[in-house]
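Below is one structure, written out as structure tokens; the observations come after it.
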Amino acid sequence: MTTMFQARLYQRLARHPWWSLALLYLLVSAIGLGMRMPWPADEPRFALNGLEMWVTGHWWLPHRGGELYPDKPPIFMWLSGLATGVSGDIRIGFALPSLVAGVVTLALSVDLIRRLHGKRVAFIAGLWLIATLQFVLQARTAQIDMLVTAFIMLGCWGLLRHALLDDGVRYFHLGCFAMGLGIITKGVGFLPLLMLPFWLLAMRRASRWRSGGQRAGQLSWRELLIGLCWLLAAPLVWVGPMLVMSLLSADPELAAYRDNILLKQTAERYADSWHHLKPWHYFLTQVIPWAWMPLLLTLPWWPKALATRLWRRDLRVWLPLSGAVLIVVFFSLSPGKRGVYLLPALPLLVVGLAPLLPGLSRKRHVAWLAFVLCAGLAGIFLGAALLGAAGLPALTRLAEQEGLVPWGWWGLLGGAGVALCAGWKPRGGLLALGSWLVVFWVLWGTWGARLMDPVRNPAALMAQVAEQSDHQALAIPDFREQYLLQARQPLWHFGYKTSEADQFSRLYAWLQAAPQHRWALMTPGMLKRHACLEATQAITLSEPDEHWALLPGGAALACRGDADAAPMYLAPTSVSDEAARLIGLPGRHDVMTEDRP
């Protein structure tokens, strides 16, 4: 009965594979759009960059709170700012670039697989890509990685259409231009070129390597050189004017921006990373095992299936797989590692495995593994919900620490998983797991977002700060972007990379210049480290996971300040009525003349 239902369901969906996949993608990725603000660590930064572009009109170089932001090129911030301004709500706009990039990546992957292996294989491979945890997680997360993955996948699409389908060198050149756009998105847009040596080897051994019975597409050195020129042309559209501006300007900040974005954030960050330091096996042991689930359930059967394709010298499998493997190797060689770095390898992996996936999906042992995974996850959520509701001390402390009570949310997730496993039985394990993942993402984007949003964005804290300080000018040393984003009064900071000692020296001078009208917000640890501040005047405010001290300017009268110790920046979004409207805050209060930007 289960097998018959599966066959009927598949036949109905496969009649319109792209629309079925697109609707499924939107269900798991777009549900809950507009129900939350940007969350740390990266989302508030890029949302603030884009919002600042929109309200100031300074689009060419991204700024963060009035200060040049040199860590990333501007394409993602451009799209975020445009989406926020056009949609009229930052809760929608900040998430749209990643959401759209995800559907573009899915479309390119499915189209390439359809051309190589047919509609049926493309539909099944598309289902596996949507089911993979990292793909949907990054589509729902407003980070740069899904956008750069879309550009990288467009580069792969162009390269592979010429290499595997021999559709013409124009597709290779289009792919090269897309790689250039990826470079000015996050620097690593050139990753499709990692497949180039394997392709050149296949061209030399044309009698052995085949693509669906045909020879690999040919690429001359002249055509390759033209492609590399297209790759360089895309970033030069932005880099060229930026270089001219920095060379003609006497502003040292602009020169520092140029050097940082072109040198420190590229080669130096890769070869000599200064944060996110991980061992060489980090991706293999700590990221891939969860990020590429449930696709990895088929892993035990890969060697035999791939050995057959190797014996056939099937370039349609081995060329994209070589790209996926080399991306993992490339990032593993750098000391700095984050799980999101591997995202571009995932669609290439699915393209390479695509002809194997229909057969692997029918294996009984894969269904059993999926059933066990679904039952295990459901049991964990249901057990945690029941124990939390019963008052287990460890879970109660966790709920108090995080500031939310998720027992109902978790209980529904667990109960849904148990019901699906009971209904589908082990033979329908893949359908049970796939259905549960849909439930998971729907509840994550709705109920979960509603629960976590008050905890993960400081709207309530900044409302208290504004009320206690009568909406007067506020300075935050060692600031975080989410606090600038939620500011309800003129908000100043001292630069992202200024030392704490210099920040406080400048803060003292600023507070002493108008002690009756200026305030500072800092952590209790900072207040304790700077003993000259009058701690008895501090107003204690709290978030679920952190405490804050709000001090009036008079608390710094005994401190020795230096007005030249550090720069000060006024966040433009903190004094903009347009920014307040887009964030959903009340209109800005009148700003004192001395605090106008």
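- Contact check for L299 versus W292: no side-chain heavy atoms found under the 4.5 Å cut-off.
- Classification of R91 and D453 as a salt-bridged pair fails, no side-chain N sitting under 4.0 Å from a carboxylate O.
- In this structure, OG1 on T84 lies 8.0 Å from CG on L96, to the nearest 0.5 angstrom.
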Evaluation steps, side-chain contact (heavy atoms from CB on, under 4.5 Å), between S98 and F76:
CA-CA 9 Å; S98 291; F76 186 81; 3.9 Å; yes
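- Contact between L99 and Y25 at its shortest, heavy atoms only, is O-OH, 2.7 Å.
- Side-chain contact between T141 and D42 is absent, with no heavy-atom pair separated by less than 4.5 Å.
- The nearest pair of heavy atoms linking L295 to W302 is O-CZ2, 4.2 Å.
- Between the T185 side chain and the L181 main chain, a donor and an acceptor come within less than 3.5 Å of each other.
- No side-chain donor-acceptor contact under 3.5 Å links K278 to the backbone of K337.
- In this structure, the side chains of M462 and L491 come closer than 4.5 Å at one or more pairs of heavy atoms.
- The SG atom of C156 sits 4.0 Å away from the CG atom of L348 when rounded to the nearest 0.5 Å.
- Nearest heavy-atom pair, A538 versus L551, reported as atom, atom and distance to 0.1 Å: CB-CD1, 3.9 Å.
- When all heavy atoms of A83 and G93 are compared, the closest pair comes out as CB-O, 3.4 Å.
- To the nearest 0.5 Å, atoms CD (Q486) and CG (L585) are separated by 5.5 Å.
- Residues in residues 475-485 take part in these side chain to side chain donor-acceptor pair (under 3.5 Å) pairs, two or more places apart or across chains: R45-E481, R64-E481, R480-E546, Y483-E543.
- In this structure, F331 and F283 have perpendicular ring planes: the angle between them is above 60°, well past the 30° mark.
- For the pair L106/F135, a side-chain contact is recorded, criterion being any heavy-atom separation below 4.5 Å from C-beta on.
- Residues satisfying the side-chain contact (heavy atoms from CB on, under 4.5 Å) test with I31, not counting sequence neighbours, are R140, V442, T446.
- Annotation for Q286: atom CD counts as buried by contact number, over 12 foreign heavy atoms lying within 6.0 Å.
- Inspection of the Q489 and S469 side chains reveals an N or O donor paired with an N or O acceptor under 3.5 Å.
- Relative orientation of the F440 and F381 rings is tilted, given thresholds of 30° and 60° on the angle between their planes.
- Side-chain atoms of W441 and L137, non-hydrogen and from C-beta on, do get closer than 4.5 Å to each other.
- The CD1 atom of I113 sits 13.5 Å away from the CZ atom of R120 when rounded to the nearest 0.5 Å.
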Evaluation steps, side-chain contact (heavy atoms from CB on, under 4.5 Å), between D111 and R114
CA-CA 5 Å; D111 178 74; R114 179 185 63 82; 3.0 Å; yes
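- Ion pairing between E43 and R456 fails under the 4.0 Å rule for side-chain N and carboxylate O.
- Rounding to the nearest 0.5 Å gives a distance of 5.5 Å between NZ of K186 and OH of Y341.
- Within 6.0 Å of the CH2 atom in W407, the count of heavy atoms belonging to other residues, nucleotides or ligands exceeds 12.
- Look at E578 and R581 and you find a salt bridge, because one of the NZ, NE, NH1 or NH2 atoms lies within 4.0 Å of a carboxylate O, short of that distance.
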Any chance you could lay out the side-chain contact (heavy atoms from CB on, under 4.5 Å) test for W410 and W447, step after step, and finish with the verdict?
CA-CA 10 Å; W410 290 1; W447 195 345; over 6 Å; no
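- Contact of the V438 side chain with the L24 side chain is registered, since non-hydrogen atoms from C-beta on lie closer than 4.5 Å.
- Rounding to the nearest 0.5 Å places CG of L541 at 10.0 Å from CD of E467.
- With contacts defined as side-chain heavy-atom distances shorter than 4.5 Å, the pair L373/L377 qualifies.
- Across all non-hydrogen atoms, the minimal contact from G65 to H493 is O-NE2, 2.8 Å.
- The backbone N or O of L413 sits less than 3.5 Å from a side-chain atom of W436, completing a donor-acceptor pair.
- Listed by chain and residue number, nothing satisfies the side-chain hydrogen bond (donor to acceptor under 3.5 Å, both in side chains) test with W409 (two or more places apart in sequence, or in another chain).
- Under the 4.5 Å side-chain criterion, counting only non-hydrogen atoms from C-beta, L357 is not in contact with V121.
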Step-by-step side-chain contact (heavy atoms from CB on, under 4.5 Å) determination, V28 to L437
CA-CA 8 Å; V28 297; L437 286 172; over 6 Å; no
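- Heavy atoms only, all atoms of each residue included: G388 and L395 are closest at N-CD1, 3.5 Å.
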